[in-house]
Amino acid sequence: MTRQSLHPFPLRVHISSLFVLLVLAVGLLIGWLGYSFSRDQLETQAVALTERIARETLTELRLATAPAEAAASLLRHAPLVQAASHDERMRALPVLVEALAGSGLLSSIYVGYADGDFFFVRRLQGSADEAALFDAPPASRYLVQSIDHDAGGSRGRFVHLDAGLAVLRSDERPDYPAAYDPRERAWFRAALGATGRVVTSPYVFFSNRQVGTTIAVQAASGGGVIGADILLASLDASLARQKVTPGTELVLIDAEGGVVAYDRMGRLVRSVDDPLQVVKLNRLMELGVPVLQQLAGYLPVADAGGSLVLQAADRQWRVSIEPLTLSGANPLFLVVAIPEDELFADALRLRDQAVWMTLMVILVAVPITWSMARGIARPLQTLATEAEAIRRFDFSSPLQVNSMVSEVNALAVTMDGMKRSIRRFLDISLAVAGERRFEDLLPRLLGETISAADATGGVLYLYEDEQLVPAAALSADGQALPGTPRSLSADDEHDLPARALHEGRPLAQSCDAATFARLGLSEAVGANEARHAIAVPLLNRQAQPVGAMLLLRREPSDAARLSFIAALSGSTAVSLENKSLIQAQKVLFEAFIQLIAAAIDAKSPYTGGHCARVPELTKMLARAACDTQDGPYRDFRLDDDAWEAVHVASWLHDCGKVTTPEYVVDKATKLETLYNRIHEVRMRFEVLKRDAEIACLEAEAAGTPRVQARARLAQAWAELDADFAFVARCNEGGEFMAQQDLERLRAIAARTWLRTLDDRLGLSRDELERMDTRAPAVLPVREPLLADRPEHCIPRGENDRIRPDHPLGFRMEVPTLLYNRGELYNLSVARGTLSAEERYKINEHIVQTLVMLSALPFPRHLREVPEIAGGHHEKMDGTGYPRRLTQAQMSPLARMMAIADIFEALTAVDRPYKPGKTLSEAIAIMVRMRDEGHVDPDLFALFLNSGVYLRYAQRFMRPEQIDQVDVAACLQTRTV
């Protein structure tokens with residue numbers, strides 16, 4: 001664990017906390033198990049109770065509908081269904097009243113006839129609401145609603161009867177037939193379309209606005225339908241009685257979510273703007289109960305019912321849906337929603353009691369545990385303080401611990417020994433790690449080991465070619481041992497170091513004079529009076545030998561010292577191997593970068609040595625900057641890492657040239673590609689000369705005097721020779737090309753010669769693709785003597801372009817074409833031999849240098865290598881390439897390399913296009929470049945004042961190039 005999680009709390013706190021946590025965990029586990037068991041039991045009881053409520057509700061429904069079903073079934077055969085007048089139907093009234101008396105939920109029985117007649121008998125309860133609704137006399141117990149149709153029209157009447165069926169009042173209702181037609185009612189149509197009885201879905205009755213269902217059956221004689229209305233008001237009371245908890249919601253709904261029964265009848269129906277039906281059943285969403293409103297989103301419910309958990313009104317609810325199915329009727333669904341806090345109230349109470357009991361036990365036990373823990377923790381706290389001191393590398397205070405626990409005392413003794421060993425190891429490790437040079441590491445390793453082993457001297461051997469070769473020999477005071485230790489054969493086990501190497505462990509031995517003489521240590525032993533020796537093998541991680549150490553002592557060594565030296569030797573061997581590997585990698589890397597530089601120089605015979613000379617000149621200028629005591633660079637200093645970065649960057653500054661074609665770098669004439677195309681031009685002139693000769697012979701044959709014909713031939717040849725000589729001179733290149741020379745070149749190019757052979761034969765695929773841009777000529781064809789043809793234009797591919805958003809920030813004008821090998825185009829180059837495309841290709845080497853070096857995973861101290869190497873073509877005024885950096889954007893080392901690269905290029909004698917400049921000429925050119933803002937003026941002044949230019953010239957330039965330079969005059973800045 002981390003210090004932050006444990007250190008702030010003493011051991012007594014941890015012991016007490018552990019006890020508390022254990023007691024708390026046991027108490028919580030018991031409480032949780034009790035809670036879980038009770039919860040499971042309550043859940044099971046809730047499910048069983050829901051099923052029981054569903055069964056009882058279904059039984060009530062069936063009990064309510066059974067009398068009505070029986071009455072409807074009997075009446076379908078009664079004479080009533082055949083009665084044609086009101087009086088005949090009134091004679092059947094006793095039978096209907098007796099059927100109503102058979103069930104308290106059966107509210108009315110009626111018959112609807114095929115001609116629209118209707119005979120309806122309702123039982124009245126004598127309530128004030130009924131009296132007001134039907135305008136019934138106080139003694140009225142039955143109400144007959146009748147509609148008759150005859151030739152005279154329709155007649156509607158309401159007849160009020162007392163308990164003895166005596167007529168109390170008969171009211172004419174002329175608007176009743178128009179308001180009510182039994183044939184339009186759902187129960188009538190459903191019964192006519194069914195073979196047996198039908199049970200309608202619950203709805204609000206037209207006559208009394210109460211919720212119920214209708215059982216209807218078609219009369220046996222056909223045409224008429226007998227119906228019986230059943231009130232479902234008793235279900236509301238039944239649901240209210242069967243609540244599981246006070247907050248339980250019980251509701252009976254149909255498949256569409258309409259509420260059939262609810263324990264709060266006031267919410268069961270709602271008013272609507274419908275002249276035929278002033279009230280309707282509410283839906284779940286309209287009851288105003290949050291959990292039922294949320295449940296409405298899960299409807300329509302499945303026939304199989306189900307259960308789910310809902311979150312509503314900041315409470316968790318368990319909702320069960322049970323289907324209730326009556327024969328011949330659409331299914332109903334009983335919804336039971338129970339709040340979990342009420343359902344699991346007993347389980348929660350049991351859980352809380354367990355928690356309180358656990359807390360009481362903890363409060364009693366903590367003081368006792370705390371007192372016991374303090375006695376154990378105090379000595380350990382002392383050891384912890386000592387461990388913290390060791391962690392801070394504080395080894396100054398002695399360790400004193402007296403504990404009643406024997407293991408704690410043993411730990412104190414062990415920690416004291418560990419403290420001393422760690423201090424010794426740290427001293428050695430810090431000393432070794434601080435040594436960066438391999439040649440200085442060996443005596444440092446030996447000296448530290450001699451000190452750690454209390455030896456009087458020692459010899460460090462390296463394992464090379466099956467030999468143990470002495471690499472360092474020191475006495476305890478750090479001075480070289482007198483005498484010369486001998487190299488030992490690693491196979492000779494008579495010598496102590498070789499035997500230790502074979503056995504792979506330190507060996508201690510008393511040595512006589514003969515043994516020391518065989519090792520070549522007689523003189524050393526005589527100087528320090530050593531009589532004992534410890535041989536220590538040095539093995540790497542793969543247990544392979546890297547060397548051995550021989551330590552000289554006056555006293556014999558015990559097992560503990562040998563064990564310590566064995567552990568120390570492992571660290572020494574690893575350090576030796578690591579430094580050796582690092583040194584080997586540096587040597588390999590150095591050889592590799594010089595290999596690349598040599599390959600670049602060898603690639604072109606004209607630039608050999610450039611990559612080797614630029615590093616020397618760059619470092620000469622950097623040393624001058626470090627040595628100067630005044631001027632802008634008086635504070636400039638480079639450490640070893642920076643010198644290594646300069647070295648690597650200067651050797652790799654032109655590594656991108658590996659991508660530049662040799663025929664571009666070595667282009668000595670304007671028409672040169674892989675070869676000098678002046679030979680093709682010469683052959684065309686030869687053809688023209690042969691044509692002139694043929695014309696001369698033909699003229700003689702035609703009768704032209706021979707002297708005259710030969711004179712014209714001589715003149716034609718002279719003109720062709722002169723023209724070719726001019727073209728050849730143009731091909732050589734130079735510093736300037738006059739306008740009249742360009743015009744003469746175009747005139748020569750306009751001359752034609754006759755080609756009779758197909759110029760598409762023997763070509764490569766790429767050449768043929770470029771020639772497809774023009775149609776084949778019909779042979780023979782006359783062509784210009786010097787041509788710029790479409791196939792001479794080689795397009796630039798996408799990979800040869802520089803994106804504006806390049807991550808390295810390149811900003812170079814890129815020619816449209818990759819190469820333009822047009823003859824007239826190349827011969828017209830005004831300065832030098834390179835076309836714009838070829839000059840860009842050569843300049844592009846610095847782009848490739850930056851790309852290649854930026855892709856290398858340089859270590860931290862070499863991460864500036866790409867910047868140093870990649871800036872030697874930049875100019876201080878921001879007009880250089882490839883990134884157009886200004887002086888402020890370049891490091892001093894990059895600016896130094898720019899001067900070195902320019903000076904080496906000016907004075908080099910291996911360029912194909914120019915001779916090497918003399919010292920004064922090169923300095924004069926650089927003075928002009930300084931004045932034009934191309935090089936750092938301060939560094940250029942340092943370059944001159946320090947004499948770097950002269951020292952470089954004496955080492956690398958030819959004697960005839962070295963002349964006098966007026967440094968004072970060169971240091972005067974001129975305005976351009």
Side-chain angles (χ1 to χ4, degrees), residues 663 667-763 767 770-771 774 776-793 819-835 838 912-913:
Y663 65 85
K667 188 179 182 185
T669 63
K670 296 181 181 180
L671 290 178
E672 185 174 343
T673 54
L674 294 178
Y675 68 99
N676 193 344
R677 292 180 294 160
I678 192 66
H679 305 301
E680 293 184 16
V681 176
R682 181 187 298 110
M683 288 306 300
R684 295 174 200 158
F685 276 91
E686 293 285 1
V687 169
L688 290 180
K689 292 180 73 173
R690 297 303 179 272
D691 288 347
E693 186 177 11
I694 292 171
C696 174
L697 295 175
E698 289 176 346
E700 289 180 15
T704 301
R706 176 182 176 85
V707 175
Q708 182 180 355
R710 290 294 174 172
R712 285 201 298 267
L713 175 61
Q715 181 180 358
W717 278 7
E719 291 177 357
L720 288 172
D721 289 344
D723 286 346
F724 176 73
F726 173 75
V727 171
R729 287 196 304 274
C730 291
N731 187 42
E732 293 173 0
E735 293 294 329
F736 176 73
M737 193 169 183
Q739 182 62 33
Q740 59 268 29
D741 291 341
L742 291 174
E743 292 174 358
R744 182 180 176 184
L745 191 63
R746 296 189 192 102
I748 294 172
R751 299 186 65 167
T752 61
W753 66 286
L754 185 66
R755 178 171 60 85
T756 61
L757 297 175
D758 189 353
D759 61 354
R760 295 171 184 260
L761 298 179
L763 302 185
E767 290 176 300
R770 293 199 298 272
M771 293 190 72
R774 63 181 176 88
V778 178
L779 299 177
V781 61
R782 287 206 164 270
E783 292 185 343
L785 189 60
L786 300 175
D788 288 340
R789 297 188 179 91
E791 59 267 25
H792 286 151
C793 298
Y819 295 110
N820 186 341
R821 293 173 179 164
E823 296 166 342
L824 183 59
Y825 174 77
N826 278 270
L827 287 170
S828 301
V829 169
R831 184 176 180 181
T833 61
L834 298 176
S835 66
E838 291 163 337
Y913 45 83

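Every value quoted in this text rests on a predicted model; they were computed, and no experiment measured them. Note: hydrogens, waters and symmetry copies are ignored here, and every other heavy atom, side chains too, is used.
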### Message
Using every non-hydrogen atom in the two residues, find where Thr833 and Ala668 come nearest and quote the distance to one decimal.
### Response
CG2-O, 3.3 Å
### Message
Do Leu779 and Leu757 make a side-chain contact, defined as non-hydrogen atoms from C-beta onward lying under 4.5 Å apart?
### Response
no
### Task
Indicate yes or no: does Glu680 engage Arg684 in a salt bridge with an N to O separation below 4.0 Å.
yes
### Message
Is there a side-chain contact between Lys670 and Leu834 in this structure, where contact means two heavy atoms from C-beta onward sitting under 4.5 Å apart?
### Response
no
### Task
Mark yes or no: Arg682 above the aromatic ring of Phe685, with NZ or CZ under 6.0 Å from the six-membered ring centre and no more than 45 degrees from the axis.
no
### Task
List the steps and the verdict of side chain to side chain contact (heavy atoms under 4.5 Å, CB included) for Gln740 and Arg744.
CA-CA 6 Å; Gln740 59 268 29; Arg744 182 180 176 184; over 6 Å; no
### Message
Would you say Asn731 and Asn826 are linked by a side-chain donor-acceptor pair, where the criterion is simply a distance under 3.5 Å?
### Response
no
### Inter-residue atom distance Arg712.CZ - Gln715.CD, 0.5 Å rounding
9.5 Å
### Query
Mind checking whether Arg710 and Cys696 have side chains closer than 4.5 Å, heavy atoms only?
yes
### Query
Any side-chain heavy atom of Leu720 sitting closer than 4.5 Å to one from Arg751?
yes
### Message
For a quick test of reading the model, state the closest non-hydrogen atom pair linking Leu745 to Ser828 and the distance between them.
### Response
CD2-OG, 3.7 Å
### Task
Could you tell me whether the side chain of Val687 reaches within less than 4.5 Å of the side chain of Arg755, counting heavy atoms only?
no
### Query
If you take all heavy atoms of Ala709 and Glu700, which pair is closest and at what distance?
CB-CG, 3.7 Å
### Task
Would you indicate whether the side-chain heavy atoms of Glu783 and Thr752 approach each other to under 4.5 Å?
no
### Query
At their closest point, which heavy atom of Tyr825 faces which heavy atom of Ser835, and how far apart are they?
CE2-CB, 3.7 Å
### Task
Give a yes or no answer on whether the side chain of Arg677 reaches the backbone of Arg821 with a donor-acceptor pair at less than 3.5 Å.
yes
### Query
Between Thr673 and Tyr819, does a side chain to side chain contact (heavy atoms under 4.5 Å, CB included) hold up when you go through it step by step?
CA-CA 10 Å; Thr673 54; Tyr819 295 110; over 6 Å; no
### Message
To the nearest 0.5 Å, what is the distance between CD on Glu719 and CD1 on Ile748?
### Response
10.5 Å
### Query
For the residue pair Pro780 and Thr756, what are the closest heavy atoms and their distance?
CB-CG2, 3.8 Å
### Query
Is the NZ or CZ atom of Arg831 both under 6.0 Å from the centre of the six-membered ring of Phe736 and within 45° of that ring's axis?
no
### Task
Could you check if a side-chain atom of Glu823 sits within less than 4.5 angstrom of a side-chain atom of Leu671, using non-hydrogen atoms only?
yes
### Task
Search all heavy atoms of Met737 against all heavy atoms of Cys730 and return the closest pair with its distance.
CE-SG, 3.5 Å
### Query
In Å and rounded to the nearest 0.5 Å, what is the CG to CG distance from Leu824 to Leu827?
7.0 Å
### Query
Would you call Asp721-Lys689 a salt bridge at under 4.0 Å N-O?
yes
### Query
So, Thr669 and Asn676: side-chain donor and acceptor under 3.5 Å apart, yes or no?
yes
### Message
With a 3.5 Å distance limit and no angle check, can you tell me whether Arg770 reaches the backbone of Pro790 through a side-chain donor-acceptor pair?
### Response
no
### Message
Show, in sequence, the C-alpha distance, side-chain angles and deciding distance for Trp717 and Glu693, and conclude whether the side chain to side chain contact (heavy atoms under 4.5 Å, CB included) test is met.
### Response
CA-CA 9 Å; Trp717 278 7; Glu693 186 177 11; 3.9 Å; yes
### Query
Got Phe724 and Ile678 here, is their nearest side-chain heavy-atom distance under 4.5 Å?
yes
### Task
Walk me through it: do Glu743 and Gln739 pass the test side chain to side chain contact (heavy atoms under 4.5 Å, CB included)?
CA-CA 6 Å; Glu743 292 174 358; Gln739 182 62 33; 3.8 Å; yes
### Task
Could you check Lys667 against Glu672 for salt bridge (Lys or Arg N to Asp or Glu O under 4.0 Å), going step by step and ending with a plain yes or no?
CA-CA 6 Å; Lys667 188 179 182 185; Glu672 185 174 343; over 6 Å; no
## Note on the structure
Interatomic distance, CG@Leu785 vs CH2@Trp753, rounded to 0.5 Å, equals 9.0 Å
